[in-house]
Amino acid sequence: MLRTLELLAPAKNLEVGMAAIDHGADAVYIGADHFGARQAAGNSLEDIRRLCAYARPFGVKIYVTVNTIIYENELGSTRQLLLDLGDAGVDGLLIQDMGLLKIYEELQQEGHRLPALHASTQCDTRTAEKVRWLQGLGFRRAVLARELSVNEIRAIHAAVPDEELEVFVHGALCVSYSGICYASEYCFRRSANRGACAQFCRLQFDLVDNTGKVIEHDRHLLSLKDMCQIDHLEELADAGACSFKIEGRLKNADYVKNVVAAYSQRLDAIIRQHPDRYRRASRGRVAYTFEPSLKKTFNRGFTTYFLNGRQPDIASFDTPKAIGEYVGKVKEIGHGWLTVAGISSFANGDGLCFLNSEHELEGFRVNRVSGNRLFPLHLPKSLHKGQELYRNQDVAFEKILSGKTAERKIPVIMTLTARLPDRLSLTMAEDSGTEGKAQDVHAESTVTVKASFALAPAQKPQYENIQRQLTKLGNTPYVCEKVLMPDDSDQYFIPSSILAQLRRDAVEAMESNMDAPKSPMTAKPTAAHPSLKPWQREYAHYPYLYNISNSEAKAFYVAQGLEHIAPAYEVERTKEPMIMQCRHCIRYALGYCVKRGGRKPTWQEPLFLQLADGRRFRLQFQCDECQMNIIAL
């Protein structure tokens, strides 16, 4: 049986969502006007409805993020939002607040059409036990923690083979397990669980030991590189992942175009190699007018993170800013100009950057290019011969992306049949032989329409006119690959107006199939699950990790048998909270993990992260779990 692979793209707004679809996405996730984990990326219900309509012909699914914790006075408006999203044709809801399950079940019992439930990455899903529990609650899909290795994903799939597993493959990395980061709330009263993360992890810290010794000064010790798994999609698919998620609901259309195109082409290549194993989740063929390059859009440098276990060099201690692509070394420096050794070409307006001797990122704008000489607007004094240069703004590439860069069409085959005395029929079918796309999986991909017209033998050949009329698909999502006329159907005279009407009827029937109402989801949450246990030991010590922010969530966990129930940290603060739990380990990153062959530390623990304003955070190394907790003091 073929396994379906889905490329899931982010959308800041309607425009970006449509661009993602055009460039090959099988699904798009987008925020509603509230309750999404990116407050700056909200969208109106009407725009979501329009995106659903745009996606439908291609079989692209639309998922909406309702993945913040919900406060008591918001339960009513959240209920209405779920209703509205169901009516709009949304396919999936990403949630983390278990208080929504009762509302969801009540709406189901009332007969409302509702999207499927997806457990957001904020649910902190790391184990097969957690996935099985979520499945029992009615979640069709679990979004796994970014920190999992391919072997851990494989083990989860083996244990719960009928649950969809979604994994992140590209974009920014949160240093803390998602859903249990309270650093932004603690420091700035901006809750990540409410969509208002202030990016505490991108700040500069001193690393100080228990004696006050400064081990590292003004380093971005919690800032990670960006994830890039484009060379490992087949491994992830073989392990059981079915949805490959690109992070970036705050990114613009250019970013999404480039990244989606790169990953879509790679997935198609995998399917061409294994047509008996995999298929794409949506339909359509994309024609690109540019060559995607992941290095040319925003990135902090790339890492595969924990794909194959713990590895060095996953962090970006020097800067949290975009570095971009390496373009060469400084060859010469003159009065107001420089040359670069390498094969890169440059354009007026390019942004270049480098790391200076103080580990700080400096940048400059290329004001003019003359031959192999670059004339910056201001030549940095710290720039020297041999300096490695990176380009974090490529003007030529941006110009390409600003125009139309892709067109997505569904290839179809038209079959015209004529039967005496007056029977005409036109069958329009998706071309299942399209390379790299789903085959024979869409029941709605074939339609037949009929017309009556008194047939008479034609006085001259009709094939070319019939073909011309039937292939005029214009601005529809379809492109005709072939016109078939069995049993010499082209021997009859058929007016162009009749052919055009048959074509329009066929397109309308195909679109009507796509617009057919979907039945309500059948998965229903269960009322209790006696095997609920803390997922990690910290959940028992810090019960606010369950993120209980309303009475429905509290009642849910009572029914689940949770013994120690506490309000979410945003509702009731506690002293010395654990504000982050990380698989990233500073001690390992600096080369001092003795367990893994590192040097023996010369400092006196505990270690502390210290901000410029003097606030301190204790590092707690859980070596038996191979993770690092951060405790606010």
Side-chain angles (χ1 to χ4, degrees), residues 124 126-127 144-153 155 167-168 172-178 180-183 199-229 232 299-320 323 355 359 535-538 578-611 616-633:
D124 185 25
R126 318 180 203 176
T127 64
L144 299 180
R146 294 170 172 87
E147 291 80 0
L148 297 188
S149 69
V150 70
N151 287 333
E152 289 170 316
I153 294 168
V167 298
F168 281 89
L173 285 166
C174 298
V175 70
S176 175
Y177 285 96
S178 293
I180 55 171
C181 177
Y182 309 93
Q199 296 196 314
F200 171 89
C201 58
R202 304 298 180 186
L203 298 178
Q204 286 179 298
F205 299 92
D206 285 348
L207 181 64
V208 182
D209 78 354
N210 199 38
T211 69
K213 177 184 175 182
V214 177
I215 302 163
E216 295 285 338
H217 176 62
D218 277 353
R219 304 296 302 280
H220 299 274
L221 297 169
L222 298 178
S223 183
L224 301 181
K225 294 180 179 179
D226 287 359
M227 178 184 280
C228 181
Q229 307 288 24
H232 304 281
N299 71 84
R300 301 175 176 90
F302 289 129
T303 176
T304 57
Y305 208 28
F306 290 95
L307 181 77
N308 293 308
R310 187 173 293 280
Q311 62 175 329
D313 201 31
I314 67 172
S316 179
F317 286 174
D318 291 327
T319 177
I323 295 177
L355 288 168
H359 299 284
W535 308 117
Q536 279 74 38
R537 61 189 177 196
E538 283 78 9
M578 184 185 76
I579 60 171
M580 279 187 173
Q581 187 176 72
C582 315
R583 205 164 199 175
H584 164 58
C585 175
I586 290 176
R587 192 159 65 182
Y588 173 82
L590 294 175
Y592 290 96
C593 177
V594 177
K595 182 179 178 181
R596 294 178 177 270
R599 294 166 287 171
K600 185 177 180 179
T602 57
W603 57 66
Q604 183 175 323
E605 295 195 8
L607 299 180
F608 302 88
L609 293 177
Q610 184 169 297
L611 288 170
R616 305 177 85 200
F617 308 88
R618 178 166 53 86
L619 301 183
Q620 182 183 78
F621 298 102
Q622 301 281 17
C623 294
D624 56 336
E625 297 282 347
C626 210
Q627 69 185 23
M628 178 182 75
N629 299 332
I630 301 178
I631 312 298
L633 302 177

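Bear in mind the structure is a predicted one, so any value in this text is a computation, not a measurement.
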Student: Among residues at least two apart in sequence or on other chains, which ones pass side chain to side chain donor-acceptor pair (under 3.5 Å) with S176?
Tutor: none
Student: Can you check side chain to side chain contact (heavy atoms under 4.5 Å, CB included) on E147 and V175, steps first, answer last?
Tutor: CA-CA 9 Å; E147 291 80 0; V175 70; over 6 Å; no
Student: My understanding is that only residues two or more places apart in sequence, or in another chain, count here; which of them pass side chain to side chain donor-acceptor pair (under 3.5 Å) with R202?
Tutor: S223
Student: If you measure from CE on M628 to SG on C582, what distance do you get to the nearest 0.5 Å?
Tutor: 4.5 Å
Student: Do the side-chain N and O atoms of Q620 and N629 include a donor-acceptor pair separated by under 3.5 angstrom?
Tutor: yes
Student: Consider only side-chain N and O atoms of Q581 and E538, and report whether a donor and an acceptor are under 3.5 Å apart.
Tutor: yes
Student: Quick check: do L633 and F617 have side-chain heavy atoms less than 4.5 Å from each other?
Tutor: no
Student: Answer with yes or no after comparing the ring centroid distance for F621 and Y588 against a 6.0 Å cut-off, counting only values under it.
Tutor: no
Student: Would you please indicate if the ring centroids of F200 and F205 are separated by under 6.0 Å?
Tutor: yes
Student: Does D624 pair with K595 as a salt bridge, N-O distance under 4.0 Å?
Tutor: no
Student: Could you give all pairs that pass the salt bridge (Lys or Arg N to Asp or Glu O under 4.0 Å) test and reach residues 207-218, with sequence neighbours left out?
Tutor: E216-R219
Student: Could you grab the distance from atom CG of L224 to atom SG of C201, nearest 0.5 Å is fine?
Tutor: 7.0 Å
Student: Of all the heavy-atom pairs spanning R146 and L173, show the shortest one and how long it is.
Tutor: CD-CD2, 3.8 Å
Student: Evaluate the criterion side chain to side chain contact (heavy atoms under 4.5 Å, CB included) for residue pair F302 and K225; output intermediate values, then yes/no.
Tutor: CA-CA 6 Å; F302 289 129; K225 294 180 179 179; over 6 Å; no
Student: Check for me whether R126 meets the cation-pi criterion with Y177, that is, NZ or CZ under 6.0 Å from the six-membered ring centre and within 45 degrees of the ring axis.
Tutor: yes
Student: Quick one: do Q229 and T304 satisfy side chain to side chain contact (heavy atoms under 4.5 Å, CB included)? Show the steps, please.
Tutor: CA-CA 6 Å; Q229 307 288 24; T304 57; 3.5 Å; yes
Student: Do R587 and E605 meet the salt-bridge criterion of a basic N to acidic O distance under 4.0 Å?
Tutor: yes
